[in-house]
Colleague: 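I have a structure I would like to understand better, so I am pasting it below and will then ask my questions one at a time.
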Amino acid sequence: MAASTLLDQLRTLSAVDCDTLDVEVARKLGPFVDCTSNQAIAFGELSKVDADGVPVYKSLISKAIQLAHWKLARHVDATLEELAVEIMMVLLLLQFAPYLKGYCHIQTNPRWSYSTQKTVKNAERIVSHFEELSSEVPGFDIKRVCIKIASTWEGLQACRELEKRGIATLATTMFCMEQAALAADAGCTYIAPYVNELRVHFDPSYTDANKAFAFCGEAQRYYELCGSKTRVLPASLTSAEEVMQLAGIHHITVSPPLLAELAATPAEGWKSSDVVGQTLREAPIPPASAGGLYDSIVRDEAAWRLAFTRSNNGGSEGKIIQAINIFLRMQDDLENMARQQSAVV
């Protein structure tokens with residue numbers, strides 16, 4: 001049976017994930033495979049108010065703060081606000097879990113982007129929150145938690161350690177093959193190439209002139225050639241055309257406005273249908289020796305750091321620095337929210 005909408009068509013070609021924590025989106029447009037999230041998405045969702053100006057998630061925020069107070073004595077390496085933010089994000093994802101077939105993705109604190117040890121500890125603490133709270137979702141399997149970690153050298157080493165411990169990871173804020181190769185070597189479950197640098201979602205006047213479509217296709221072909229388990233899950237898309245250009249990629253995460261547009265657009269006769277699958281058709285074909293292209297750097301920190309610094313003439317490193325700064329600002333906003341609410345709980 002022919003696909004009736006672009007969203008239907010996309011689902012025949014790629015696993016479709018939702019880039020939101022709004023359960024109403026899942027009810028209207030789901031089911032989805034995975035749900036991706038980050039500090040910016042969480043802050044946007046938790047900031048919502050109803051028609052009377054009352055916070056939509058007032059009870060959830062209060063519950064998270066109360067649980068954070070109770071857990072504080074057991075997690076002396078975290079502040080009350082850090083714990084509250086983690087628990088808020090976990091509670092939001094657990095609400096979403098019944099509408100998913102796969103993973104709930106949750107991002108570690110960007111403050112620890114350059115600390116392997118602190119990222120591992122943060123990830124394990126987040127998993128413990130899921131373990132303690134998942135009884136509210138009948139049949140929820142803790143193995144459905146996927147930890148998102150910034151694709152720095154330290155972050156990817158944290159992914160390596162967590163995967164060894166049986167915790168699924170996604171290497172996020174990814175912009176180049178040097179990061180993708182290290183993620184595969186670390187055994188990451190997913191990578192999330194950012195098609196557009198994160199700035200485009202916070203500065204309406206800005207357009208990314210170097211969109212990472214070719215990188216998405218190149219990473220997928222590289223993984224298939226190497227026999228890697230790592231799946232490609234592009235993120236940071238700004239139009240339906242960009243989404244459909246990635247049709248055929250392993251996974252793709254899509255924001256609510258683009259999901260709605262795809263669901264409202266007939267597949268037959270779509271004026272831009274010629275872009276479907278364009279990314280994979282035009283992606284560079286790795287040479288037969290591709291499996292060994294990055295062997296010399298993935299276990300050599302100094303060599304990898306230099307290669308990453310030189311990637312795209314420094315552009316890749318500049319984009320991840322920008323992304324970490326934005327996510328850290330969102331983390332600070334979430335902690336401020338928790339701090340303000342804890343004064344009235």
Colleague: Using side chain to side chain donor-acceptor pair (under 3.5 Å) as the criterion, list what pairs up with Ser37, not counting sequence neighbours.
Modeller: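 Not a single residue meets the side chain to side chain donor-acceptor pair (under 3.5 Å) criterion with Ser37.
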
Colleague: Do Tyr294 and Glu178 have side-chain atoms, one donor and one acceptor, less than 3.5 Å apart?
Modeller: no

Colleague: Got a sec, which residues hit salt bridge (Lys or Arg N to Asp or Glu O under 4.0 Å) with Glu224, two or more places apart in sequence or on another chain?
Modeller: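 Residues passing salt bridge (Lys or Arg N to Asp or Glu O under 4.0 Å) with Glu224: none at all.
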
Colleague: Side-chain contact test, heavy atoms from C-beta onward, threshold under 4.5 Å: evaluate it for Asn38 versus Met330 and give yes or no.
Modeller: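 A side-chain contact is absent here, since even the closest heavy-atom pair is not under 4.5 Å.
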
Colleague: Donor-acceptor check, side chain of Asp185 to backbone of Ala181, threshold 3.5 angstrom: yes or no?
Modeller: no

Colleague: Mark yes or no for whether Arg144, through its side chain, and Gly102, through its backbone, hold a donor-acceptor pair below 3.5 Å.
Modeller: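 Flag set: sc Arg144 to bb Gly102 pair under 3.5 Å.
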
Colleague: Let's go through Glu218 and Arg221 carefully: what are the C-alpha distance in whole Å and the side-chain angles of both, what is the deciding distance for salt bridge (charged side-chain N to carboxylate O under 4.0 Å, His left out) to 0.1 Å, and is it a yes or a no?
Modeller: CA-CA 5 Å; Glu218 185 178 2; Arg221 289 191 177 185; over 6 Å; no

Colleague: To the nearest 0.5 Å, what is the distance between CG (Leu233) and CD1 (Ile191)?
Modeller: 9.0 Å

Colleague: Give a yes or no on whether Arg310 atom CZ has more than 12 heavy-atom contacts from other residues, nucleotides or ligands under 6.0 Å away.
Modeller: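 No, CZ of Arg310 has 12 or fewer neighbouring heavy atoms, counting only those of other groups under 6.0 Å.
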
Colleague: Return yes if some donor-acceptor pair links the side-chain N/O of Gln220 with the main-chain N/O of His250 below 3.5 Å, else return no.
Modeller: yes

Colleague: Do the ring planes of Tyr99 and Phe96 sit parallel (below 30°), tilted (30 to 60°) or perpendicular (above 60°)?
Modeller: perpendicular

Colleague: Check whether the side chains of Thr119 and Asn122 place a donor and an acceptor atom closer than 3.5 Å, and report yes or no.
Modeller: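 No.
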
Colleague: Between Ser311 (side chain) and Ala307 (backbone), is there a donor-acceptor pair under 3.5 Å?
Modeller: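 Looks like no, no N/O pair under 3.5 Å.
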
Colleague: Quick check: do Leu94 and Phe130 have side-chain heavy atoms less than 4.5 Å from each other?
Modeller: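 Yes; the side chains approach each other to less than 4.5 Å.
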
Colleague: When you compare the side chain of Glu45 with that of Val56, does any pair of heavy atoms fall below 4.5 Å?
Modeller: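 No; the side chains remain at least 4.5 Å from each other.
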
Colleague: With sequence neighbours left out, what residues match Ser239 under side chain to side chain donor-acceptor pair (under 3.5 Å)?
Modeller: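 Side chain to side chain donor-acceptor pair (under 3.5 Å) check on Ser239 returns nothing, list empty.
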
Colleague: Verify the cluster assignment for Leu133 and Ile167: are they in a single hydrophobic cluster under the rule of side-chain heavy atoms below 4.5 Å apart?
Modeller: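 Yes, it is one cluster - the side chains of Leu133 and Ile167 are joined through contacts under 4.5 Å.
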
Colleague: Quick one: pull up CD in Gln179 and OG1 in Thr173 and give me the separation to the nearest 0.5 Å.
Modeller: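 Answer rounded to 0.5 Å: 6.5 Å.
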
Colleague: Any heavy-atom pair between the side chains of Val127 and Ile142 that's under 4.5 Å?
Modeller: yes

Colleague: Regarding Thr36 and Asp19, do their side chains bring together a donor and an acceptor under 3.5 Å, going by distance alone?
Modeller: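 There is such a pair (donor and acceptor under 3.5 Å, judged by atom type) between the side chains of Thr36 and Asp19.
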
Colleague: Assess the residue pair Arg165 and Glu124 against the criterion (salt bridge (charged side-chain N to carboxylate O under 4.0 Å, His left out)); give the C-alpha distance rounded to whole Å, side-chain angles, the decisive distance to 0.1 Å, and a yes or no.
Modeller: CA-CA 10 Å; Arg165 300 182 190 187; Glu124 291 185 322; 2.4 Å; yes

Colleague: Does CG belonging to Asp141 count more than 12 external heavy atoms closer than 6.0 Å?
Modeller: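 Buried by this count: over 12 neighbours within 6.0 Å.
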
Colleague: CD of Glu131: more than 12 outside heavy atoms within 6.0 angstrom?
Modeller: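 For Glu131, atom CD is crowded (more than 12 foreign heavy atoms under 6.0 Å).
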
Colleague: Quick one: which residue pairs count as a salt bridge (charged side-chain N to carboxylate O under 4.0 Å, His left out) with a foot in residues 107-120, not counting sequence neighbours?
Modeller: Glu82-Arg111, Arg111-Asp332, Arg111-Glu335

Colleague: Which heavy atom of Leu29 sits nearest a heavy atom of Leu259, and at what distance?
Modeller: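 Minimum heavy-atom separation between Leu29 and Leu259: CD1-CB, 3.6 Å.
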
Colleague: Would you say the side chains of Glu154 and Thr116 form a donor-acceptor pair under 3.5 Å?
Modeller: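 No, Thr116 and Glu154 have no side-chain donor paired with an acceptor closer than 3.5 Å.
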
Colleague: Please say yes or no: joined through hydrophobic side-chain contacts below 4.5 Å, possibly via intermediate residues, are Leu67 and Leu80 part of one cluster?
Modeller: no

Colleague: Does Leu10 offer a backbone N or O that forms a donor-acceptor pair with the side chain of Ser14 under 3.5 Å?
Modeller: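 No; judged by distance alone, with no hydrogens or angles, the pair does not exist.
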
Colleague: Which value, rounded to the nearest 0.5 Å, describes the distance between Asp22 atom CG and Cys35 atom SG?
Modeller: 10.0 Å

Colleague: Taking the side chain from Thr108 and the backbone from Lys148, do they hold a donor-acceptor pair closer than 3.5 Å?
Modeller: yes

Colleague: With the side chain counted from C-beta on, respond yes when Leu246 and Val195 share a heavy-atom pair under 4.5 Å apart, and no when they do not.
Modeller: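 In short, these two side chains touch, coming nearer than 4.5 Å.
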
Colleague: Taking the six-membered ring for Trp and the single ring otherwise, decide whether the centroids of Phe175 and Phe215 are under 6.0 Å apart.
Modeller: no

Colleague: Cation-pi check for Tyr206 against Arg199: NZ or CZ below 6.0 Å from the six-membered ring centre and within 45 degrees of the axis, yes or no?
Modeller: yes

Colleague: Are Leu92 and Val49 co-members of a hydrophobic cluster defined by side-chain heavy atoms under 4.5 Å apart?
Modeller: no

Colleague: Is it true that atom CD of Glu24 has more than 12 heavy atoms of other residues, nucleotides or ligands lying nearer than 6.0 Å?
Modeller: yes

Colleague: Decide whether Val200 and Phe213 are clustered together by the hydrophobic rule: side chain heavy atoms of Ile, Leu, Val, Met, Phe, Trp, Tyr closer than 4.5 Å, transitively.
Modeller: no

Colleague: Closer than 3.5 angstrom, by distance alone: can the side chain of Lys143 be matched with the main-chain N or O of Gly166 as a donor-acceptor pair?
Modeller: yes

Colleague: Please confirm whether the backbone N or O of Gln9 pairs with a side-chain atom of Thr12, one donor and one acceptor, at under 3.5 Å?
Modeller: yes

Colleague: Is the shortest side-chain heavy-atom distance between Ile147 and Ile126 below 4.5 Å?
Modeller: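 Side chain of Ile147 against side chain of Ile126, heavy atoms only: contact under 4.5 Å found.
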
Colleague: Taking the six-membered ring of Phe32, is the NZ or CZ of Arg11 close enough (under 6.0 Å from the centre) and on axis enough (within 45°)?
Modeller: yes

Colleague: Leu162 versus Ile149: any side-chain heavy-atom pair under 4.5 Å?
Modeller: yes

Colleague: Counting distance only, does the side-chain N/O of Asp300 pair as donor-acceptor with the main-chain N or O of Ile297 below 3.5 Å?
Modeller: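 No, because the side chain of Asp300 does not come within donor-acceptor range (under 3.5 Å) of the backbone of Ile297.
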
Colleague: What residues form a salt bridge (Lys or Arg N to Asp or Glu O under 4.0 Å) with Glu86, not counting sequence neighbours?
Modeller: Arg125

Colleague: Please round to the nearest 0.5 Å and tell me the distance separating atom NZ of Lys319 and atom OG of Ser236.
Modeller: 9.0 Å

Colleague: Is there a continuous path of hydrophobic side-chain contacts, each under 4.5 Å between heavy atoms, that joins Met89 to Phe140?
Modeller: yes

Colleague: Are Met337 and Val85 close enough that some pair of their side-chain heavy atoms sits under 4.5 Å apart?
Modeller: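 No, side chains not in contact.
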
Colleague: Leu83 and Thr79: side chain to side chain contact (heavy atoms under 4.5 Å, CB included), yes or no, with the steps?
Modeller: CA-CA 6 Å; Leu83 289 172; Thr79 67; over 6 Å; no

Colleague: For Lys28, does the NZ atom have more than 12 heavy-atom neighbours from other residues, nucleotides or ligands under 6.0 Å away?
Modeller: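 Result for NZ/Lys28: open.
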
Colleague: Please, which pairs that meet salt bridge (charged side-chain N to carboxylate O under 4.0 Å, His left out) have at least one residue in residues 90-100, sequence neighbours excluded?
Modeller: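 For residues 90-100, and leaving out neighbouring residues, there are no salt bridge (charged side-chain N to carboxylate O under 4.0 Å, His left out) pairs at all.
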
Colleague: Can a donor-acceptor pair be found, under 3.5 Å and without considering hydrogens, that links the side chain of Asp50 to the backbone of Gly53?
Modeller: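 Yes; judged by distance alone, with no hydrogens or angles, the pair exists.
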
Colleague: Do the rings of Trp304 and Trp153 sit parallel, tilted or perpendicular, given the 30° and 60° boundaries?
Modeller: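 Ring orientation of Trp304 relative to Trp153: tilted.
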
Colleague: Could you give me the CA-CA distance, side-chain angles and deciding distance for Arg160 and Glu163, then say whether salt bridge (charged side-chain N to carboxylate O under 4.0 Å, His left out) is met?
Modeller: CA-CA 5 Å; Arg160 187 189 304 279; Glu163 290 281 352; over 6 Å; no

Colleague: Find the distance between CG (Asp34) and NE2 (His105) and round it off to the nearest 0.5 Å.
Modeller: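 Spacing of CG (Asp34) from NE2 (His105) equals 3.5 Å.
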
Colleague: Can you measure from CZ (Phe327) to CG (Leu198) and round to the nearest 0.5 angstrom?
Modeller: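 Reported value, rounded in 0.5 Å steps: 4.5 Å.
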
